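None of the values given here were measured: they were computed from a predicted structure.
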Amino acid sequence: MGSNWDWQVFLQDTGGGRNYLEWLMSAWGWTLLVASLGLLVALSVGSLVGILRTTPNRLLVAIGNTWTELFRNVPLLVQLFLWYHVLPSIFRVLQGVPSVILVVLALGFFTSARVSEQVKAGIEALPKGQRYAGLAMGLTLPQTYRYVLLPMAFRIVIPTLTSESMNIIKNSSVAFAVSIAELTMFAMQASEETSRGIEIYLAVTALYFVSAFAVNRVAVAIEARVQVPGVLGGAR
């Protein structure tokens, strides 16, 4: 079977002034762009929501819980279609927004619900005395979170955040549904045009693996530098 493989398919001209290898690299770039921006949104929003869910204010806790349950319990693809087809008809300001931005928001908000769970768990894993100590020293509640709780909590949840970072690379494949030229769309179109599905999908699979594995190794290196003494486990 291996003798029938033809890797030179990637050197063939696509008819658009580039070959399939160049198209593949461009698609990989779009995948990394969508995943990176989505992760930035997820970490920012998810961290804020996770913090709200650990405050003494019941209203803020309710808002955080509602956000988490809403975005966690609706499938990602459905959320993407809502952003792309439904919300622009309700909010006209979204009608001129590029598709890639809508994908980033859908992916980021979906993942933010999972990040909020991790941040909440990290904060609640800390001894309550740390919060009280920060307040007793004259820090405000926001300052206590910023200088005392969050630096420790994020160190604890690095392994789980690593998993979410790897997942968002894989979940970025939904972008093909709104015609973003990322890896999955490349694989579908290129395999149809060349009839070399084995080579195309193996190459795309390898790039997904390399991307996720690189995130894992970077996270391991970061964890090794900032790990809290006495806290076991890690992103392996």
Side-chain angles (χ1 to χ4, degrees), residues 27-55 60-88 90-123 142 145-146 150-151 153-185 208 211-212 214-216 218-219 222 235:
W28 191 20
W30 278 108
T31 290
L32 295 178
L33 176 65
V34 169
S36 299
L37 294 179
L39 180 61
L40 181 61
V41 172
L43 291 177
S44 301
V45 177
S47 297
L48 177 59
V49 174
I51 292 170
L52 294 181
R53 298 175 68 197
T54 62
T55 62
L60 295 181
V61 172
I63 293 174
N65 288 339
T66 300
W67 177 281
T68 300
E69 295 303 324
L70 174 63
F71 287 97
R72 181 173 62 178
N73 293 313
V74 178
L76 174 57
L77 190 58
V78 173
Q79 293 187 36
L80 177 58
F81 286 145
L82 288 174
W83 278 98
Y84 192 75
H85 295 292
V86 178
L87 293 182
I90 300 175
F91 305 102
R92 292 188 176 182
V93 67
L94 294 177
Q95 292 180 359
V97 176
S99 299
V100 66
I101 299 300
L102 298 179
V103 172
V104 166
L105 292 176
L107 187 61
F109 287 172
F110 173 81
T111 309
S112 72
R114 302 175 62 89
V115 171
S116 76
E117 287 285 356
Q118 312 304 339
V119 173
K120 176 177 179 287
I123 293 174
Y145 272 97
R146 179 180 178 183
L150 291 179
F154 277 116
R155 285 174 168 87
I156 293 174
V157 300
I158 284 178
T160 51
L161 291 180
T162 299
S163 297
E164 297 306 329
S165 300
M166 296 169 68
N167 284 335
I168 207 169
I169 293 175
K170 294 177 286 185
N171 289 338
S172 68
S173 62
V174 300
F176 87 92
V178 292
S179 301
I180 302 298
E182 45 72 64
L183 285 174
T184 298
M185 172 165 277
Y208 274 121
S211 302
V215 169
N216 178 275
V218 169
I222 294 175

- Query: Going by heavy atoms in the side chains, are Val34 and Ile168 under 4.5 Å from each other?
  - Reply: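 Val34 vs Ile168: side chains apart.
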message = What I'd like to find out is whether the side chain of Arg53 reaches to under 4.5 Å of the side chain of Asn65, using heavy atoms alone.
response =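 Arg53 reaches Asn65 side chain to side chain.
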Working to the nearest 0.5 Å, report the span between [atom1] of [X] and [atom2] of [Y].
{"X": "Thr55", "Y": "Leu60", "atom1": "OG1", "atom2": "CG", "answer": "4.5 Å"}
{"X": "Ile51", "Y": "Leu150", "atom1": "CD1", "atom2": "CG", "answer": "4.0 Å"}
{"X": "Ile123", "Y": "Phe154", "atom1": "CD1", "atom2": "CZ", "answer": "7.5 Å"}
{"X": "Asn167", "Y": "Leu107", "atom1": "CG", "atom2": "CG", "answer": "10.5 Å"}

Which residues pass the side chain to side chain donor-acceptor pair (under 3.5 Å) test with [X], not counting sequence neighbours?
{"X": "Trp30", "result": "none"}
{"X": "Ser165", "result": "none"}
{"X": "Ser173", "result": "none"}
{"X": "Tyr145", "result": "Thr54, Arg131"}

Pairs of donor and acceptor atoms involving the side chains of residues 76-83, under 3.5 Å and at least two apart or interchain, shall be tabulated with distances.
{"unit_1": "Gln79", "atom_1": "NE2", "unit_2": "Phe71", "atom_2": "O", "d": "2.9"}
{"unit_1": "Gln79", "atom_1": "NE2", "unit_2": "Val74", "atom_2": "O", "d": "2.8"}

Notebook entry, point to check: Tell me, which pairs form a side-chain hydrogen bond (donor to acceptor under 3.5 Å, both in side chains) where one or both residues lie in residues 93-114, sequence neighbours left out?
Noted result: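 As it turns out, the side-chain hydrogen bond (donor to acceptor under 3.5 Å, both in side chains) pairs with a partner in residues 93-114, which skip direct neighbours, are Trp67-Ser112, Arg114-Glu164.
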Which heavy atom in [X] sits nearest to a heavy atom in [Y], and how many Å separate them?
{"X": "Arg155", "Y": "Pro159", "value": "O-CD, 4.5 Å"}
{"X": "Thr68", "Y": "Ser116", "value": "OG1-OG, 2.9 Å"}
{"X": "Gly122", "Y": "Ile156", "value": "O-CD1, 4.3 Å"}
{"X": "Ala175", "Y": "Val103", "value": "CB-CG1, 3.8 Å"}

Exercise. What residues form a side-chain contact (heavy atoms from CB on, under 4.5 Å) with Arg146, not counting sequence neighbours?
Worked result: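 side-chain contact (heavy atoms from CB on, under 4.5 Å) list for Arg146, sorted by chain: empty.
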- Kindly write out the residues that satisfy side-chain contact (heavy atoms from CB on, under 4.5 Å) with Thr160, not counting sequence neighbours, or none if the list is empty.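 Thr160 satisfies side-chain contact (heavy atoms from CB on, under 4.5 Å) with Gln118, Val157 only.
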Check: Leu183 main-chain N/O paired with Thr31 side-chain donor or acceptor under 3.5 Å: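 Such a contact is found between Thr31 side chain and Leu183 backbone.
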In a table with atom names and distances, give each donor-acceptor pair under 3.5 Å that connects a side chain of residues 36-47 to protein atoms at least two apart or in another chain.
{"unit_1": "Ser36", "atom_1": "OG", "unit_2": "Leu32", "atom_2": "O", "d": "2.7"}
{"unit_1": "Ser44", "atom_1": "OG", "unit_2": "Leu40", "atom_2": "O", "d": "2.9"}
{"unit_1": "Ser47", "atom_1": "OG", "unit_2": "Leu43", "atom_2": "O", "d": "2.6"}

According to salt bridge (Lys or Arg N to Asp or Glu O under 4.0 Å), does anything in residues 166-185 pair up with another residue at least two apart or in another chain? List the pairs.
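Non-adjacent pairs meeting salt bridge (Lys or Arg N to Asp or Glu O under 4.0 Å): zero.
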Problem set entry | Within residues 68-87 or reaching into it, pairs that qualify as salt bridge (Lys or Arg N to Asp or Glu O under 4.0 Å) - sequence neighbours excluded |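 Pairs touching residues 68-87 that pass the test: Glu69-Arg72, Arg72-Glu117.
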Q) Without hydrogens or angle criteria, can the side chains of Tyr208 and Thr184 be said to hold a donor-acceptor pair below 3.5 Å? A)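 Note: Tyr208 and Thr184 side chains meet the donor-acceptor criterion.
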For side-chain contact (heavy atoms from CB on, under 4.5 Å), just list the numbers for Ile169 and Val215, CA-CA rounded to whole Å, side-chain angles, deciding distance to a tenth of an Å, and then say yes or no. CA-CA 9 Å; Ile169 293 175; Val215 169; 3.6 Å; yes
